[in-house]
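A short write-up of the structure that comes next.
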Amino acid sequence: MRPSLTTSPCLPLCASFGPSDLPSPVRRCSLFEVMATGTPDSQARFGQSVKGLLTEKVNTCGTDVIALTKQVLKGSRSSELLGQAARNMVLQEDAILHSEDSLRKMAIITTHLQYQQEAIQKNVEQSSNLQDQLNHLLK
């Protein structure tokens, strides 16, 4: 059913599309009503206006798609970098564990070397005592 052309006047054309862009919620006009009630000149202006708005919307959507693509690529790169960081961390963890093991072994070796040094010092003291005793006996 077509709306009557005599019921109420249409609202003026707004700068953009959408229900929130209307100046007031009084009444929305259909494209048929606008085209049927206007003069050829106003119809041409309406067509140009709609064409301009559509072009603007298409450009905005294109820009948004480009921005979204950049964000997806950036997120993909972030994931790749995060994976590389995790691999590096595992390698570093292995190196740290190996270093810890080497330090433990070095501590054990150091302790053994200290025992050997003490034993050598005691032997040197005993040998000097023995040498003194031997010299005393030989006199």
Side-chain angles (χ1 to χ4, degrees):
M1 180 168 138
R2 285 189 187 171
S4 126
L5 297 178
T6 59
T7 52
S8 67
C10 294
L11 294 173
L13 185 63
C14 296
S16 64
F17 293 123
S20 63
D21 297 327
L22 293 176
S24 67
V26 177
R27 183 176 184 285
R28 291 182 59 182
C29 297
S30 71
L31 179 61
F32 173 78
E33 288 176 313
V34 171
M35 294 305 287
T37 59
T39 63
D41 186 41
S42 68
Q43 289 174 357
R45 276 186 277 145
F46 176 76
Q48 289 297 324
S49 175
V50 168
K51 191 183 221 181
L53 291 172
L54 285 174
T55 302
E56 182 182 326
K57 291 291 181 180
V58 167
N59 288 338
T60 302
C61 287
T63 304
D64 291 346
V65 166
I66 290 170
L68 179 62
T69 303
K70 286 180 181 178
Q71 282 292 22
V72 166
L73 291 175
K74 190 183 215 182
S76 170
R77 180 72 178 138
S78 295
S79 175
E80 186 178 309
L81 290 174
L82 187 61
Q84 182 63 38
R87 284 189 291 276
N88 289 342
M89 188 172 173
V90 167
L91 292 175
Q92 291 298 323
E93 187 178 10
D94 287 343
I96 289 170
L97 291 175
H98 181 70
S99 297
E100 246 181 281
D101 189 41
S102 295
L103 284 173
R104 268 192 232 106
K105 288 177 183 177
M106 287 169 50
I108 292 170
I109 291 171
T110 303
T111 304
H112 285 295
L113 287 172
Q114 286 173 345
Y115 289 142
Q116 289 176 359
Q117 179 190 10
E118 290 172 7
I120 290 172
Q121 281 178 345
K122 284 181 186 178
N123 287 337
V124 167
E125 287 174 12
Q126 285 177 357
S127 70
S128 73
N129 285 341
L130 283 174
Q131 195 172 21
D132 283 346
Q133 287 175 4
L134 229 139
N135 284 340
H136 185 60
L137 285 175
L138 289 176
K139 285 186 189 173

Inter-residue atom distance [X].[atom1] - [Y].[atom2], 0.5 Å rounding:
X	Y	atom1	atom2	result
Lys74	Leu81	NZ	CG	12.0 Å
His136	Asp132	NE2	CG	10.0 Å
Ser79	Gln84	OG	CD	12.0 Å
Lys122	Asn129	NZ	CG	13.5 Å
Ile96	Leu103	CD1	CG	11.5 Å
Leu134	Ser127	CG	OG	11.5 Å

Residue pair Asn88 / Gln92, side-chain donor-acceptor N/O under 3.5 Å = no

Output, in order, the C-alpha distance, side-chain angles, deciding distance and verdict of side-chain contact (heavy atoms from CB on, under 4.5 Å) for Glu100 and Arg104.
-> CA-CA 6 Å; Glu100 246 181 281; Arg104 268 192 232 106; 3.4 Å; yes

Partner of Thr69 by side-chain contact (heavy atoms from CB on, under 4.5 Å), out of Ile66, Val65, Val72 | Val65

Show every donor-acceptor pair shorter than 3.5 Å between a side-chain atom in residues 112-121 and any protein atom, with sequence neighbours excluded, or say none if there are none.
none

Would you mind reporting whether His98 and Ser102 have side-chain heavy atoms less than 4.5 Å apart?
-> yes

